[in-house]
2 protein chains.
Amino acid sequence: MTTINDIARLANVSRSTVSRHLNKNGYVSQEAQERIDKVIEETGYFPSQSAKSLRTKKTGVVGVILPKISTETASRVVDGINQVLQENDYQMLLTQTLLEKEKEIAFIRLLQSRNVDGIILLGTNTDEALVEEIKKSDVPVVVLGQDMPGTTSIHYPDYKATAEMISYMIEKGYRDISFIGVPEDDPAVGIVRKKAYIDTLKEHNLPVLTERITYGDFSIDSGYHAMETIMKQSKKPDAVFVVTDNMAVGAMQYLKENHYNIPADIGMATTGVSRLSKYIEPVLTTIDFQNEKAGIAITRLLMRQLNGYKKTKKLTHTYRRLTGNSL
Amino acid sequence: MTTINDIARLANVSRSTVSRHLNKNGYVSQEAQERIDKVIEETGYFPSQSAKSLRTKKTGVVGVILPKISTETASRVVDGINQVLQENDYQMLLTQTLLEKEKEIAFIRLLQSRNVDGIILLGTNTDEALVEEIKKSDVPVVVLGQDMPGTTSIHYPDYKATAEMISYMIEKGYRDISFIGVPEDDPAVGIVRKKAYIDTLKEHNLPVLTERITYGDFSIDSGYHAMETIMKQSKKPDAVFVVTDNMAVGAMQYLKENHYNIPADIGMATTGVSRLSKYIEPVLTTIDFQNEKAGIAITRLLMRQLNGYKKTKKLTHTYRRLTGNSL
DNA sequence: CTGAAAGCGCTTACAG
DNA sequence: CTGAAAGCGCTTACAG
């Protein structure tokens with residue numbers, strides 16, 4: 001491997017001078033510059049980031065922790081993150097938890113040991129242990145998707161968007177709306193969205209039936225089974241709200257396989273918008289949380305922190321409702 | 001930040017001993033081990049990878065270069081890559097070219113400067129300049145999706161799978177099959193698949209009409225426009241083969257918007273299988289290249305190289321045909 | 001079983 | 001405008 005010493009020797013200067021030239025700080029004579037450039041060109045030299053990082057305490061790498069990359073939601077967020085990172089000459093170290101909570105904590109430590117400059121966590125819970133780990137972190141951690149105590153975070157407007165959607169369903173005439181949620185480990189999705197559902201029913205003086213509230217685990221399969229559980233009840237609901245797109249795919253699969261017509265037999269609304277959704281009949285009425293924009297926004301917040309703004313900041317992301325023909 | 005010196009001091013040993021204990025090489029007395037563990041526990045110490053890497057010349061990081069993460073194909077490959085990487089305690093540094101060729105070369109250099117142990121490139125071309133850059137690389141580079149000269153690579157069975165699909169369409173009775181391809185910059189997709197299409201038509205004594213051969217740029221939009229171009233010809237074809245799933249989405253959109261019935265008005269076949277495809281009518285007859293498995297396979301090859309097997313190796317990946325009702 | 005020493009490839013005051 | 005020196009946090013022979 002070619003090192004700065006080789007360059008210095010070949011260009012007849014000290015390595016201080018090479019370094020100064022490379023980093024464009026301090027004076028280097030025109031002549032020296034040219035000799036150095038020539039040698040670099042010939043040797044194909046590039047500086048070792050490991051050495052540089054050890055000295056400067058900066059790596060130019062940001063760690064990203066997410067549940068699973070091969071979901072549309074996550075990959076869109078990553079697209080957004082990547083945009084801002086490229087603009088700022090950062091690279092991305094990507095880790096997947098596959099929804100194992102311990103891994104979030106393990107990766108925060110791992111990423112620090114890899115000397116990343118900052119960490120972006122796509123949050124799935126706000127457990128005490130995780131909050132502690134973030135607090136202990138030497139590098140800034142920002143969180144997308146949960147309102148993480150004491151941490152700069154952006155969360156989705158879970159309550160407002162859900163409540164609005166449920167209201168809309170009620171306006172449309174639905175009176176017996178079932179619910180496919182997730183466990184309360186995930187506050188944003190598991191608690192807040194469910195609360196919005198329950199509150200809105202109550203506001204409209206509709207009964208809240210425990211048997212109408214089912215749970216999945218974010219997987220397609222679990223949406224399928226939750227839908228099955230609901231539809232096997234003696235009295236069937238007239239609509240269903242599913243809290244995530246992935247589970248909605250499963251729920252829809254169950255309904256199609258069993259020849260239920262949407263919306264004639266049962267209305268359906270959900271969250272998230274698929275690239276392919278316009279080819280699926282019916283087009284789902286859904287909440288679009290605009291994940292790519294969210295990825296951009298959270299990364300900008302991290303960049304700010306890396307540039308010295310230390311105050312933690314809480315933002316709520318935007319959303320829009322997309323009206324299909326599933327209601 | 002806590003360093004190995006702090007640990008050594010607090011545990012009353014030298015930093016050599018701490019290092020030996022941490023890396024489990026060389027002897028360390030039981031007592032010393034316990035003291036060290038205790039101090040590490042208390043301080044939350046973790047070793048700096050930058051320093052370690054500088055010394056050992058290993059980072060435990062693999063660089064991945066791909067066109068765009070938020071496509072189903074790429075994200076599935078990444079899932080596969082990630083699996084093998086996790087098993088082997090490697091981390092993934094992810095870069096996106098957004099199909100700008102210069103970036104492939106730029107990232108190969110960038111990743112090296114970041115001292116990655118190896119590079120996985122999802123190939124989009126086999127340009128001379130790229131081949132040169134790979135040859136110059138200090139670290140092993142493996143390529144998925146192209147038969148890259150002089151480099152360990154796995155490519156998809158582009159010729160065989162395409163020829164088989166075209167034959168199948170002909171068997172089904174189609175006689176005027178149009179083609180949506182990509183430019184020849186991409187040998188695997190742009191040249192080989194087109195050649196398989198042309199050869200197969202010829203073998204069956206069917207005319208090869210230049211106006212039936214159109215090109216997109218991998219985007220959904222370009223598939224839409226290619227389909228439009230084809231369907232605006234005075235004589236319409238009875239089928240279309242689209243070389244990538246993304247462009248097939250666009251082609252289908254055009255056909256649906258213009259009320260063509262698939263397969264009654266025009267048959268359609270493509271490559272790649274979407275998670276949502278089972279909800280789209282018609283179900284596309286397609287070639288499944290099993291991207292996750294391909295990701296696993298290419299990463300295993302890289303791991304072999306990192307363990308010292310230096311011979312370059314060429315593999316052709318498997319595939320299967322999925323029969324829908326679009327033909 | 002343990003520690004002192006050298007060195008990995010850089011950057012950064014500092015002195016000239 | 002330039003170079004010598006120190007030091008970032010580790011690991012690894014080597015001597016004891």
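All chains are named by letter (A, B, ...) in the order of the sequence lines, taking the proteins before the strands, and each is independently numbered beginning at 1.
- With a 4.5 Å cut-off on side-chain heavy atoms, B:I36 and B:T17 count as touching.
- Contact annotation: A:N23 reaches the phosphate of C:dT11 (side-chain N/O to OP1 or OP2, under 4.0 Å).
- Taking side-chain N and O atoms only, B:K58 has no distance below 4.0 Å to OP1 or OP2 of D:dT11.
- Checked against D:dT2, C:dG3, D:dG9, the side chain of B:T3 finds its nearest nucleotide in D:dG9.
- In this structure, B:L22 atom CG and D:dC10 atom C1' are separated by 10 Å, rounded to whole Å.
- For A:R114 and D:dC10, the CZ to P distance is 14 Å, given to the nearest whole Å.
- For the pair B:Y27 and C:dG3, the criterion of a side-chain N or O lying under 4.0 Å from OP1 or OP2 is not met.
- Electrostatic pairing of A:E132 and A:K136 does not count as a salt bridge here, judged by no charged N lying under 4.0 Å from a carboxylate O.
- For A:R15 and C:dG7, the CZ to C1' distance is 11 Å, given to the nearest whole Å.
- Put simply, the side chain of B:R55 and the base of C:dG9 share no donor and acceptor less than 3.5 Å apart.
- Backbone-only engagement by A:T56 is indicated by non-hydrogen atom pairs under 4.0 Å involving sugar-phosphate atoms exclusively.
- One finds a side-chain N or O of A:N25 lying less than 4.0 angstrom from the OP1 or OP2 phosphate oxygen of C:dT12.
- Phosphate proximity of D:dG9 to A:K57: present, with a side-chain N or O under 4.0 Å from OP1 or OP2.
- Put simply, CD on B:Q49 is 14 Å from C1' on C:dC8, counting in whole angstrom units.
- Here the side chains of A:V39 and A:Y45 are not in contact, with every heavy-atom distance at 4.5 Å or above.
- Remark: B:S14 is in phosphate contact with C:dG3, judged by side-chain N or O atoms under 4.0 Å from OP1 or OP2.
- Of the nucleotides present, none pairs with C:dA13 by Watson-Crick or G-U wobble criteria with both distances under 3.5 Å.
- One finds a side-chain N or O of A:S19 lying less than 4.0 angstrom from the OP1 or OP2 phosphate oxygen of C:dT11.
- Here the shortest heavy-atom pairing between A:P67 and A:Q96 reads O-CB, 3.8 Å.
- The distance between atom CG of A:D6 and atom P of C:dC10, rounded to the nearest whole Å, is 9 Å.
- For the pair B:Q112 CD and C:dG9 P, the interatomic distance rounds to 15 Å; values are reported in whole Å.
- Both distances falling under 3.5 Å, in either a Watson-Crick or a G-U wobble arrangement, occur for no nucleotide opposite C:dA4.
- In this structure, the CZ atom of A:R20 is 11 Å from the C1' atom of C:dC14, given to the nearest Å.
- For D:dT2, the OP1/OP2 oxygens have no side-chain nitrogen or oxygen of A:S16 closer than 4.0 Å.
- Distance from the side chain of A:L54 is smallest to D:dG9 among C:dG3, C:dC10, D:dG9.
- For the side chain to side chain donor-acceptor pair (under 3.5 Å) criterion with B:K101, the lone passing option out of B:D127, B:T124, B:N125 is B:D127.
- Each of C:dT11, D:dG9, C:dT2 was ranked by its minimum atom distance to the side chain of B:M1; first place goes to D:dG9.
- Relative to the side chain of A:S48, the nucleotides D:dG9, C:dC10, D:dG3 differ in distance, and C:dC10 lies closest.
- Between A:K57 and A:D117 no salt bridge is recorded (no basic side-chain N to carboxylate O distance below 4.0 Å).
- Backbone-only engagement by A:S29 is indicated by non-hydrogen atom pairs under 4.0 Å involving sugar-phosphate atoms exclusively.
- Between the CZ atom of A:R9 and the P atom of D:dG3 there is a distance of 15 Å, rounded to whole Å.
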